[in-house]
Amino acid sequence: MKVRLTDYQKEWQTRFEAEARLLKRIFGKEIISIEHFGSTAVPGMKAKPVIDMMGLVRRIETVDGYASLLEAEGYEAAGEWGIEGRRLFRKGGHQRTHHLHFYQQDNSQIDRHLILRDYLLQHPEEVEAYSRFKEKLAAIHESTSGYSPAKKNYVAQLERRALAWRRDRE
């Protein structure tokens with residue numbers, strides 16, 4: 001898939017909110033909360049225009065029973081997609097618009113994503129540096145198959161700084 005890196009769009013928050021309302025109608029009380037995370041959740045961040053959403057549920061197996069309802073809304077199921085205990089759904093085909101990640105409320109992956117988001121919201125210098133790094137990678141890698149792995153080490157270092165920031169605040 002081609003890398004589609006764009007400037008931050010205010011509409012990303014509105015699109016998240018609309019999709020969150022849809023998911024709450026589908027899942028009702030099964031969803032504990034829905035979070036907007038990833039680059040589209042951070043004002044000023046360059047991002048692929050794909051809204052990353054996280055749905056927290058009491059039992060992850062419950063999500064499997066809703067797959068057909070999500071498919072009716074344009075989502076395709078991708079299973080765990082490399083992260084044990086996750087259910088990933090993608091919307092938009094080759095012009096992807098949403099990634100929907102479901103986790104059971106006690107999954108260890110949840111904090112990693114939300115702490116990084118919160119760290120970036122509080123550190124505009126990190127947003128600027130990460131955006132510049134993404135631009136450099138997008139100039140080198142036309143496809144996400146090269147772009148995504150190339151940023152993995154940078155993101156891991158950024159996550160370590162975010163986790164240290166969180167520990168220092170506790």
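Hydrogens, waters and symmetry mates play no part in the numbers below; they use all other heavy atoms, side chains included. Quantities reported herein were computed from a predicted structural model and do not represent experimental measurements.
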Trace of the side chain to side chain contact (heavy atoms under 4.5 Å, CB included) decision for R166 with Y119 | CA-CA 8 Å; R166 174 66 174 264; Y119 175 75; over 6 Å; no
Check the pair Y103 / I83 against side chain to side chain contact (heavy atoms under 4.5 Å, CB included), numbers first and verdict last.
-> CA-CA 10 Å; Y103 291 103; I83 299 179; 3.9 Å; yes
Using 0.5 Å steps for rounding, measure from the [atom1] atom of [X] to the [atom2] atom of [Y].
X    : Y    : atom1 : atom2 : value
I115 : L163 : CD1   : CG    : 5.0 Å
S68  : E73  : OG    : CD    : 11.0 Å
S33  : L114 : OG    : CG    : 8.0 Å
E30  : T62  : CD    : OG1   : 5.0 Å
T40  : H98  : OG1   : NE2   : 8.5 Å

[X] vs [Y] side-chain heavy atoms within contact, under 4.5 Å:
X    : Y    : answer
L137 : K134 : no
I34  : M53  : yes
P149 : H141 : no
V57  : I32  : no
K2   : T144 : no
I60  : R87  : yes
W165 : D118 : yes
D52  : F16  : no

Please name the pair of heavy atoms, one in [X] and one in [Y], separated by the smallest distance, quoted to 0.1 Å.
X    : Y    : result
A150 : F133 : O-CZ, 4.0 Å
M45  : L120 : CE-CD1, 3.8 Å
S131 : G44  : OG-O, 3.8 Å
P43  : L121 : CD-CD2, 3.6 Å

Does Y154 belong to the same Ile/Leu/Val/Met/Phe/Trp/Tyr cluster as V127, with side-chain heavy atoms less than 4.5 Å apart forming each link?
->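 Same cluster.
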Same apolar cluster (I L V M F W Y, side chains within < 4.5 Å links), L5/V42 = yes
Pair listing, salt bridge (charged side-chain N to carboxylate O under 4.0 Å, His left out) test, anchored in residues 146-161, at least two apart = R112-E159, E126-R161
Taking [atom1] in [X] as the centre, count heavy atoms belonging to other residues, nucleotides or ligands within less than 6.0 Å. Is the count above 12?
X    : atom1 : answer
Q105 : CD    : yes
R15  : CZ    : yes
E84  : CD    : no

Report, one line per pair, each donor and acceptor closer than 3.5 Å where one atom sits in a side chain of residues 18-28; sequence neighbours left out.
residue	atom	partner	partner atom	Å
E19	OE2	Y75	OH	2.7
E19	OE2	K91	NZ	2.8

If we ignore angles and hydrogens, is there a donor and acceptor under 3.5 Å between the side chains of K48 and T6?
->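 No, T6 and K48 have no side-chain donor paired with an acceptor closer than 3.5 Å.
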Step through it carefully: locate the ring centre of H101, locate the ring centre of F37, and say whether they are under 6.0 Å apart.
->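 Here the rings of F37 and H101 have centres that are less than 6.0 Å from each other.
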Counterpart residues, ring pair (Phe, Tyr, Trp, His ring centres under 6.0 Å), relative to Y8 (two or more places apart) |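 Applying ring pair (Phe, Tyr, Trp, His ring centres under 6.0 Å) to Y8 gives W12.
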May I have the step-by-step check of side chain to side chain contact (heavy atoms under 4.5 Å, CB included) for M1 and H94, ending in yes or no?
-> CA-CA 7 Å; M1 190 170 299; H94 290 297; 4.0 Å; yes
Worked check of side chain to side chain contact (heavy atoms under 4.5 Å, CB included) between Q13 and H36 | CA-CA 8 Å; Q13 181 63 31; H36 186 190; 3.1 Å; yes
Report the relative orientation of the aromatic rings in F102 and F89; use parallel for angles under 30°, tilted for 30 to 60°, perpendicular for over 60°.
->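 Ring orientation of F102 relative to F89: perpendicular.
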Side-chain ion pair, E76 and R90, N-O less than 4.0 Å = yes
Only one of R58, Q109, E61 clears side chain to side chain contact (heavy atoms under 4.5 Å, CB included) with Q104; which?
-> E61
Counting only N and O atoms by type, is there a donor-acceptor contact under 3.5 Å from the side chain of [X] to the main-chain atoms of [Y]?
X   : Y   : answer
T97 : V50 : no
R4  : R96 : yes
R86 : E80 : yes

